[in-house]
Amino acid sequence: MLRLIWKDLLVQKKSWWTVAVLPMFMLIAFANQPEAALIAGPLAVAYVLVIMACVYDEKNKTDLLWCSLPISRKTIIGAKYLAALTFILLGILVVTVYGFIIKFFGIPLPIEVISLEDIFGIIMATSLFVALFFPLYFKFGYAKTRYFGILVYVLLFMAPQILKEGLEDNAELAALVQKITSGLSGAVIALFLLGISYFVSVGIYQQKDLT
């Protein structure tokens with residue numbers, strides 16, 4: 001499985017620049033919304049790397065290669081999900097480093113060092129994207145699901161503001177939603193959904209004809 005995860009990293013050498021550039025771009029572009037900026041960077045990194053890995057696999061028909069080897073389809077699916085979590089951690093690491101750099105050098109950006117609460121928010125947003133995207137990708141392929149991936153990414157990016165505006169007249173409901181979707185509870189819920197998504201993807205992939 002580690003080789004499959006490493007493969008998803010190595011095949012994207014030309015995309016590694018996104019790991020460094022996208023988080024900084026988000027921190028600058030959304031400087032007036034520091035909390036959103038800290039989440040947007042890692043989410044963008046995970047989105048781009050997940051999508052590019054899928055593009056590479058479909059373009060080079062790597063499914064046929066791996067399935068011709070003594071590797072179970074569960075292992076192939078599991079590697080995809082673990083690779084996505086690796087991409088998430090990369091995004092979090094880069095944003096953390098940038099936060100320390102901004103604070104240490106006194107760069108005039110209202111960005112704080114990433115907090116544990118921010119990390120939970122990042123895990124939730126990116127896990128939801130992966131959980132929604134992968135089952136459809138394994139069912140229909142990237143060509144038929146790329147627009148859905150874009151839609152999910154945009155909705156996740158806009159969701160906090162949409163919820164804030166939609167619930168501004170109901171303080172109690174807003175507080176309940178925030179409690180459920182933020183912090184450790186939100187991350188646990190997202191990871192639970194990620195687990196369900198994994199089993200759905202395995203079921204789909206087990207039945208898929210790759211010949």
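Computed from a predicted model, the values in this text were never measured in an experiment.
- The shortest side-chain heavy-atom distance between Lys80 and Asp57 falls under the 4.5 Å cut-off.
- Between the OG1 atom in Thr18 and the CG atom in Leu49 there is a gap of 4.5 Å [rounded to 0.5 Å].
- Of all heavy-atom pairs spanning Ile122 and Thr126, the tightest one is O-OG1, 2.6 Å.
- Side-chain atoms of Lys144 and Lys139, non-hydrogen and from C-beta on, never get closer than 4.5 Å to each other.
- Put simply, Ile114 and Val21 are part of two different groups of oily side chains (I, L, V, M, F, W, Y) that touch within less than 4.5 Å, one to the next.
- One finds the CG atom of Leu136 at 8.5 Å from the OG atom of Ser201 (value rounded to the nearest 0.5 Å).
- The main-chain N or O of Ala143 is found under 3.5 Å from a side-chain atom of Glu58 such that the two form a donor-acceptor pair.
- Residues Lys59 and Tyr142 fail the side-chain proximity criterion, which asks for heavy atoms closer than 4.5 Å.
- Tracing side-chain contacts under 4.5 Å through hydrophobic residues (I, L, V, M, F, W, Y), one never reaches Tyr98 starting from Trp17; they form parts of separate clusters.
- With contacts defined as side-chain heavy-atom distances shorter than 4.5 Å, the pair Phe87/Val19 does not qualify.
- Atom CG in Leu22 sits 11.0 Å away from atom CG in Leu27 (nearest 0.5 Å).
- Rounded to the nearest 0.5 angstrom, Ser197 OG and Phe134 CZ are separated by 8.0 Å.
- Dense packing is recorded around CZ of Phe148, with more than 12 heavy atoms of other residues, nucleotides or ligands lying under 6.0 Å away.
- The shortest heavy-atom contact between Pro135 and Val130 is CD-O, 4.2 Å.
- Nearest heavy atom pair, residue Ala131 against residue Leu193, reads CB-O, 3.9 Å.
- Scanning both residues, Met124 and Ala190, for their nearest heavy atoms gives CA-CB, 3.5 Å.
- Using the six-membered ring where Trp is involved, Phe133 and Phe129 have ring planes that are parallel, under 30° apart on the 30 and 60° scheme.
- With hydrophobic clusters built from ILVMFWY side chains whose heavy atoms lie under 4.5 angstrom apart, Leu128 does not share a cluster with Leu89.
- To the nearest 0.5 Å, the span separating CD1 on Ile77 from OH on Tyr205 amounts to 6.0 Å.
- Checking side-chain atoms of Ser72 against main-chain N and O of Thr75 turns up a donor-acceptor pair under 3.5 Å.
- A 4.5 Å side-chain heavy-atom check between Ile123 and Ile119 finds at least one atom pair inside the cut-off.
- At a threshold of 4.5 Å between non-hydrogen side-chain atoms, the residues Val45 and Val94 do not count as touching.
- How far CD1 of Ile88 is from CG of Leu194: 7.0 Å, rounded to the nearest 0.5 Å.
- Ring pair Tyr198/Tyr81 is perpendicular by interplanar angle, where above 60° counts as perpendicular and below 30° as parallel.
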